There are 2 protein chains.
Amino acid sequence: MTRQQTDNQDLFAIADLAKEFGISTRAIRFYEAKGLLSPERVGATRVFRRRDRARLILILRGKRLGFSLRDISDYLSLYDADRSQQVHLLVDKVEERLASLERQRDDLETTIAELKEIRELAVAPRPRQRAG
Amino acid sequence: MTRQQTDNQDLFAIADLAKEFGISTRAIRFYEAKGLLSPERVGATRVFRRRDRARLILILRGKRLGFSLRDISDYLSLYDADRSQQVHLLVDKVEERLASLERQRDDLETTIAELKEIRELAVAPRPRQRAG
DNA sequence: CAACGGTTTGACGTTAACGTAAGCTCGTGA
DNA sequence: TCACGAGCTTACGTTAACGTCAAACCGTTG
């Protein structure tokens with residue numbers, strides 16, 4: 001199988017996605033094995049659609065945020081959740097996630113602020129030793 | 001060795017820190033083995049001061065942000081960096097870190113926004129199927 | 001037809017970050 | 001004195017997230 005780009009806007013080979021996102025085909029297959037992706041098959045060959053590609057983007061973003069594949073899997077299920085689910089259960093999970101993410105954001109803000117301070121101190125003239 | 005709290009405001013046993021931060025003593029020793037901590041010794045026993053405790057807090061924050069111990073180690077060295085270092089090298093590293101963190105912040109903001117949208121959609125009345 | 005590139009499924013190897021267990025030392029209280 | 005709790009080192013076990021072959025199957029191209 002070669003590039004599908006010219007054939008069809010909506011079909012991707014595994015190597016297409018791997019190249020586009022700078023990951024290995026092995027990683028993509030691994031994500032499928034873990035249930036994070038479920039591409040269609042043509043014979044034995046995986047065929048990815050826009051939806052799969054979108055999920056992959058979410059997976060990679062989750063990884064950049066330091067989440068485990070297990071966490072990301074839970075996260076994806078929030079996106080998947082259609083009206084067939086119990087609404088309040090979904091909302092609870094979303095709230096839970098949001099709380100965790102907002103804590104992470106606080107950590108991040110603190111860290112960024114500290115680094116900026118370090119940067120300022122580095123370029124500023126040496127302060128005299130404080131008393132104490 | 002037992003609690004040092006009453007003995008001295010500035011001395012902590014490994015179990016004190018473990019308990020305070022809800023981690024194992026094994027983890028703390030591991031961080032030392034990786035060079036992230038370097039407590040003093042009294043005989044063979046580790047003795048932690050405020051400075052070590054402060055570093056441990058940074059380590060745990062780094063972990064919450066999804067960083068590897070290797071990353072955190074680099075990060076800590078920015079805090080350590082005294083004037084003996086080349087200022088521009090330090091600033092470069094700080095800038096590098098900041099760029100990465102700000103990207104992470106963007107990812108985080110996006111994710112938070114999406115989850116909030118999911119939450120709204122979940123509680124909102126079901127939208128009609130779109131054409132297309 | 002045969003080589004080649006892309007794909008598949010195993011299956012074993014690897015690194016990080018500890019968990020866990022064994023065996024030893026040391027200070028203390030009944 | 002001796003059992004106990006806390007600490008230490010050494011070392012093997014474990015899980016996650018892939019990396020890295022190996023062996024086999026297409027579909028095309030020279």
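In what follows, chains carry the letters A, B, and so on, assigned in the order in which the sequence lines appear, proteins first and then strands, with residues in each chain numbered from 1. None of these values were measured; they are calculated from a predicted model.
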A.B. asks: I'd like to check the ring-ring contact (aromatic ring centres under 6.0 Å, His included) partners of Tyr75(B); sequence neighbours left out, ordered by chain and number.
C.D. replies: Tyr79(B)
A.B. asks: Measuring from Ile14(A):CD1 to Arg26(A):CZ, what's the distance to the nearest 0.5 Å?
C.D. replies: 10.0 Å
A.B. asks: Give, ordered by number, those residues of residues 57-64 of chain A having at least one heavy-atom distance below 4.0 Å to an atom of DNA chain D; if nothing qualifies, reply none.
C.D. replies: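 Heavy-atom cutoff 4.0 Å gives Lys63(A).
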A.B. asks: For the pair made of OH in Tyr31(A) and C1' in dA16(D), what is the distance, rounded to whole Å?
C.D. replies: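 Taking OH of Tyr31(A) and C1' of dA16(D), I get 11 Å after rounding.
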A.B. asks: For Lys19(A) and dG6(C), what is the distance between atoms NZ and P respectively, to the nearest whole Å?
C.D. replies: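 So the two atoms are 10 Å apart, to the nearest Å.
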A.B. asks: Kindly write out the residues that satisfy side-chain contact (heavy atoms from CB on, under 4.5 Å) with Arg51(B), not counting sequence neighbours, or none if the list is empty.
C.D. replies: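 Testing Arg51(B) for side-chain contact (heavy atoms from CB on, under 4.5 Å), a comparison that skips the adjacent residues, returns Arg55(B), Asp80(B).
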A.B. asks: Nearest to the Ser24(B) side chain among dG19(C), dG19(D), dG7(D), which nucleotide is it?
C.D. replies: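 The listed nucleotide nearest to Ser24(B)'s side chain is dG19(C).
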A.B. asks: Nearest whole Å is fine: how far is dA17(D) C1' from Leu36(A) CG?
C.D. replies: 11 Å
A.B. asks: Would you list the atom pairs, donor with acceptor, under 3.5 Å between side chains in residues 96-103 of chain A and any protein atom, with sequence neighbours excluded?
C.D. replies:
residue	atom	partner	partner atom	Å
Arg97(A)	NH2	Asp71(A)	O	3.3

A.B. asks: Which residues pass the side-chain hydrogen bond (donor to acceptor under 3.5 Å, both in side chains) test with Ser24(A), not counting sequence neighbours?
C.D. replies: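 Partners of Ser24(A) under the side-chain hydrogen bond (donor to acceptor under 3.5 Å, both in side chains) test: none.
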A.B. asks: Starting at CD1 of Ile23(A) and ending at C1' of dC18(D), how long is that distance when rounded to a whole Å?
C.D. replies: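 It works out to 11 Å between those atoms.
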A.B. asks: For Phe30(A) and dT15(C), what is the distance between atoms CZ and C1' respectively, to the nearest whole Å?
C.D. replies: 14 Å
A.B. asks: Could you list, one pair per line, each protein nitrogen or oxygen that sits under 3.5 Å from a nitrogen or oxygen of nucleotides 8-12 of chain C, together with the distance?
C.D. replies:
residue	atom	partner	partner atom	Å
dT8(C)	OP1	Arg46(A)	N	3.0
dT8(C)	OP1	Arg46(A)	NH1	2.8
dT8(C)	OP2	Arg29(A)	NE	3.0
dT8(C)	OP2	Arg29(A)	NH2	2.6
dT8(C)	O5'	Arg46(A)	NH1	3.1
dT9(C)	OP1	Arg41(A)	NH1	3.0
dT9(C)	OP1	Arg41(A)	NH2	3.1
dT9(C)	OP2	Arg46(A)	NH1	2.9
dT9(C)	OP2	Arg46(A)	NH2	2.7

A.B. asks: Tell me the interatomic distance from Phe67(A), atom CZ, to dA17(D), atom P, rounded to whole angstroms.
C.D. replies: 13 Å
A.B. asks: What pairs of residues pass the ring pair (Phe, Tyr, Trp, His ring centres under 6.0 Å) test when at least one of them lies in residues 19-55 of chain B, not counting sequence neighbours?
C.D. replies: none
A.B. asks: In whole angstrom, give the distance that lies between atom CD1 of Ile28(B) and atom P of dC18(C).
C.D. replies: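 Whole-Å distance recorded here is 11 Å.
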A.B. asks: Report the distance from atom CG of Asp16(B) to atom C1' of dA6(D), rounded to the nearest whole Å.
C.D. replies: 11 Å
A.B. asks: Give the table of side-chain donor-acceptor pairs shorter than 3.5 Å for residues 34-44 of chain A, with sequence neighbours excluded, one pair per line with atom names and distance.
C.D. replies:
residue	atom	partner	partner atom	Å
Glu40(A)	OE2	Arg49(A)	NE	2.5
Arg41(A)	NH1	Ala44(A)	O	2.7
Arg41(A)	NH2	Glu32(A)	OE2	3.2

A.B. asks: For Asp107(A), which residues count as a side-chain hydrogen bond (donor to acceptor under 3.5 Å, both in side chains) partner, sequence neighbours excluded?
C.D. replies: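 In terms of side-chain hydrogen bond (donor to acceptor under 3.5 Å, both in side chains), with neighbours along the sequence ignored, Asp107(A) is linked to Arg64(B).
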A.B. asks: Around atom CZ of Arg50(A), are there more than 12 heavy atoms from other residues, nucleotides or ligands closer than 6.0 Å?
C.D. replies: yes
